[in-house]
Amino acid sequence: MSESKGPQGGQGRSGVQDSAFLRACRGEAVPHTPVWFMRQAGRSLPEYLKIREGIPMLDSCMMPELVKEITLQPVRRHKVDAAIYFSDIMVPLKAIGVDLDIKPGIGPVVANPIRSRADLAQLRALEPDDVSYVTEAIGLLVAELGATPLIGFAGAPYTLASYLVEGGPSKNHEHTKALMYGDPELWQELLDRLSEITAGFLKVQIEAGVSAVQLFDSWVGALAPEDYRTRVMPASAKVFDAVAGYGVPRIHFGVGTGELLGLMGDAGADVVGVDWRVPLDVAAGRVAPGKALQGNLDPTLLFAPEAAVRQKADEVLAAAAASGRGHIFNLGHGVLPSTDPDALSRLVAHVHEHGR
Ligand code: CP3
């Protein structure tokens with residue numbers, strides 16, 4: 001780590017370390033409850049749809065000026081407490097040469113799914129030069145964000161494996177689970193390679209200046225706890241371990257993970273993201289002491305009348321207060337594309353006013 005970068009430099013100056021978001025991640029007292037939204041950049045914002053017009057998703061991730069602008073859009077509009085770097089969990093795989101695309105309305109599609117040992121040859125280690133555009137974009141962002149923290153992110157080994165093995169989005173993850181149960185050795189090797197790629201991708205982002213990282217294991221809720229513990233958690237733990245030395249908060253999130261929350265914290269997270277199915281005070285009983293919580297308003301609530309949104313947001317805030325943990329307000333999963341942006345802005349204002 002060079003001295004001018006990372007948590008000591010980059011976003012370390014300019015009051016970022018004292019922001020409500022980073023204070024909450026560390027479980028310290030906050031002036032107001034910090035709030036940001038998963039998938040806040042893009043999708044629901046007209047200014048995003050306009051600037052992305054005619055530019056394929058993966059191309060847009062490789063254009064630093066565009067990435068900077070898209071990342072800043074929700075910060076300007078909603079006054080959220082953190083920016084999330086605009087990219088995708090498939091970017092590092094594309095960067096090492098995996099033949100894949102992100103198709104509008106579908107999601108990631110992989111040309112040659114990984115189902116045999118020979119298929120593993122598609123996965124080599126990620127070098128910083130593979131993603132120089134990421135370093136450049138984060139540099140531009142850190143210079144512009146002032147005291148607002150920038151969150152970096154990556155896909156966790158299981159969720160990346162699910163796209164690589166299925167070849168695209170999947171409801172039941174049948175090929176993924178067939179490989180996990182049918183060829184445990186190949187499965188471990190696949191997850192090991194993915195943990196190295198993911199760790200490498202997070203290191204690039206931290207060295208470029210992000211103030212926190214989130215590991216998205218979006219689809220890991222498909223697993224029973226014992227299978228998670230023995231077949232997946234070690235690979236995710238390697239990722240968290242690899243970036244522990246930087247001292248930036250590590251957030252761990254998945255959907256439908258009520259039964260996994262304790263293990264997801266134990267994998268090495270400082271903050272555990274919770275979906276809307278488990279109240280935060282209940283989640284606190286499942287997650288080891290000392291770890292903060294993030295969440296957890298149902299994203300579909302934003303389609304309900306404002307009074308209902310406020311009431312549910314207050315319930316989230318009350319459960320968070322009862323949990324006694326650091327709390328970062330968020331949705332229980334990403335912003336849905338047809339969400340009214342003004343409903344999000346109103347929610348931010350409400351949380352800032354009514355959070356502790
Ligand atoms: O706040 C943000 O939006 C930041 C950027 C961001 C994107 N993807 C941009 C994107 C982040 C944090 C992600 C993470 C991501 N990508 C996850 C984990 C988060 C989650 O929702 O669980 C996953 C599973 C993916 C994979 C992925 N990428 C899917 C399933 C899809 C298609 C469906 C969808 O949600 O739109 C994508 C495409 C994608 N990633 C878009 C954006 C803005 C839409 C692309 C387009 O405009 O064509």
Side-chain angles (χ1 to χ4, degrees), residues 35-63 66-75 77-78 80-94 98 100-110 134 137-138 141 150-164 166-171 173 176 194 198 201-202 205 210 212-222 251-257 264 273-276 294-296 299 330-339 341 344:
V35 48
W36 69 280
F37 303 119
M38 291 183 277
R39 312 300 300 275
Q40 69 189 14
R43 305 222 284 179
S44 67
L45 297 186
E47 59 268 35
Y48 166 79
L49 297 172
K50 181 145 187 278
I51 204 173
R52 271 282 321 279
E53 236 168 64
I55 308 173
M57 176 63 193
L58 285 171
D59 290 358
S60 71
C61 295
M62 297 171 195
M63 301 166 67
L66 183 65
V67 166
K68 181 190 86 174
E69 176 57 25
I70 294 173
T71 301
L72 292 173
Q73 283 176 346
V75 180
R77 185 192 261 263
H78 302 309
V80 283
D81 293 86
I84 180 156
Y85 176 65
F86 179 78
S87 184
D88 193 82
I89 59 169
M90 303 307 282
V91 162
L93 300 177
K94 179 79 179 175
V98 178
L100 65 88
D101 198 7
I102 295 182
K103 301 223 152 106
I106 299 172
V109 177
V110 178
V134 170
I138 290 174
L141 275 162
L150 177 63
I151 303 169
F153 73 93
Y158 179 83
T159 291
L160 293 178
S162 84
Y163 286 112
L164 288 171
E166 301 296 334
S170 156
K171 242 197 178 109
H173 305 245
T176 311
L194 290 172
T198 290
F201 192 49
L202 290 180
Q205 296 175 57
V210 301
V213 289
Q214 176 154 324
L215 190 65
F216 280 97
D217 212 347
S218 303
W219 313 136
V220 79
I251 311 170
H252 200 183
F253 170 78
V255 185
T257 49
M264 289 179 72
V274 183
D275 82 3
W276 62 93
Q294 177 172 282
N296 67 347
N330 206 312
L331 303 179
H333 195 191
V335 174
L336 294 163
S338 52
T339 304
L344 288 169

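Just so you know, ligand 1 is whichever comes first in the structure, and atom 1 is the first atom listed for that ligand. Note that the coordinates shown come from a computational prediction; the quantities given were computed from them, not determined experimentally.
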Completion exercise
the protein heavy atom lying closest to atom 34 (C) of ligand 1 turns out to be Arg43 NH1, 2.9 Å
Completion exercise
Note: Ser87, heavy atoms under 4.0 Å from ligand 1, region reported as backbone
Practice task
With heavy atoms under 4.0 Å as the rule, classify the contact between Arg39 and ligand 1 as side chain, backbone, both or neither.
Solution key: both
Problem - Distance from atom 38 (C) of ligand 1 to nearest protein heavy atom, with residue and atom - result: Ile102 CG2, 3.4 Å
Fill in the blank from the handout: All heavy atoms of Leu202 vs all of Phe153, minimum pair found to be CD2-C, 3.7 Å
Completion exercise
Heavy-atom nearest pair, Asn330 first then Trp36, reads CG-O, 3.0 Å
Handout entry: pair Leu215-Met264: side-chain heavy atoms closer than 4.5 Å
Key = no
Fill in the blank from the handout: atom 32 (C) of ligand 1: closest protein heavy atom, distance to 0.1 Å, is Gly107 CA, 3.4 Å
Problem - Closest contact, heavy atoms only, Val80 versus Pro74 - result: CG2-O, 3.8 Å
Exercise for the section: Identify the protein heavy atom lying closest to atom 3 (O) of ligand 1, giving its residue, its atom name and the separation to 0.1 Å. Expected result: Ala41 O, 2.7 Å
Problem - Side chain to side chain, Phe201 and Ser87, heavy atoms closer than 4.5 Å - result: yes
Exercise for the section: Examine distances only and state if a side-chain atom of Asp275 and a backbone atom of Gly256 form a donor-acceptor pair shorter than 3.5 Å. Expected result: yes
Exercise for the section: Assign the ring pair His333 / Trp219 to parallel, tilted or perpendicular, where the plane angle (0 to 90°) is split at 30° and 60°. Expected result: perpendicular
Exercise for the section: For Gln73 and Glu47, indicate whether the former's side chain and the latter's backbone hold a donor-acceptor pair under 3.5 Å. Expected result: yes
Exercise for the section: Tell me which protein heavy atom sits closest to atom 16 (N) of ligand 1, plus the residue, atom name and distance to 0.1 Å. Expected result: Asp88 OD1, 2.9 Å
Practice task
State, with a plain yes or no, whether a side-chain heavy atom of Pro46 is found less than 4.5 Å away from one of Pro341.
Solution key: yes
Exercise for the section: Return the minimal non-hydrogen interatomic distance between Val110 and Met90, and the atom names on each side. Expected result: CG2-CE, 4.2 Å
Exercise for the section: For ligand 1, indicate whether the residue Met90 contacts it via side chain, backbone, both or neither (heavy-atom separation under 4.0 Å). Expected result: neither
Practice task
Return the residue, atom name and 0.1 Å-rounded distance of the protein heavy atom closest to atom 45 (C) of ligand 1.
Solution key: Met57 SD, 3.7 Å
Problem - Minimum-distance protein heavy atom relative to atom 30 (C) of ligand 1 - result: Tyr163 OH, 3.4 Å
Completion exercise
Honestly, for Phe37 the part within reach of ligand 1 (heavy atoms, under 4.0 Å) is neither
Problem - Sub-4.5 Å side-chain heavy-atom contact between Val134 and Gln205 - result: yes
Practice task
With atom 17 (C) of ligand 1 as the reference point, say which of Ile89, Ile106, Asp217, Leu336 has the nearest heavy atom.
Solution key: Ile89
Exercise for the section: Measure the distances from the heavy atoms of Trp219 to every atom of ligand 1 and state whether one is below 4.0 angstrom. Expected result: yes
Handout entry: Minimum side-chain heavy-atom gap Ile106-Pro169 below 4.5 Å
Key = yes
Practice task
Compute the shortest N/O to N/O distance between Thr159 and ligand 1 and return yes if it is under 3.5 Å, no if not.
Solution key: no
Practice task
Please verify whether a non-hydrogen atom of Arg52 lies at under 4.0 Å from ligand 1.
Solution key: yes
Exercise for the section: State if Ser218 counts as touching ligand 1 under the rule of any non-hydrogen atom under 4.0 Å. Expected result: yes
Handout entry: Per-atom contacts of ligand 1 with Gln40, taking only distances under 4.0 Å to non-hydrogen atoms
Key = 1 (O), 2 (C)
Practice task
State if Pro108 counts as touching ligand 1 under the rule of any non-hydrogen atom under 4.0 Å.
Solution key: yes
Fill in the blank from the handout: If we number the atoms of ligand 1 from 1 as shown, the ones under 4.0 Å from a heavy atom of His333 are 20 (C), 21 (O), 22 (O)
Handout entry: Nearest protein heavy atom with distance in Å, relative to atom 43 (C) of ligand 1
Key = Tyr48 OH, 3.3 Å
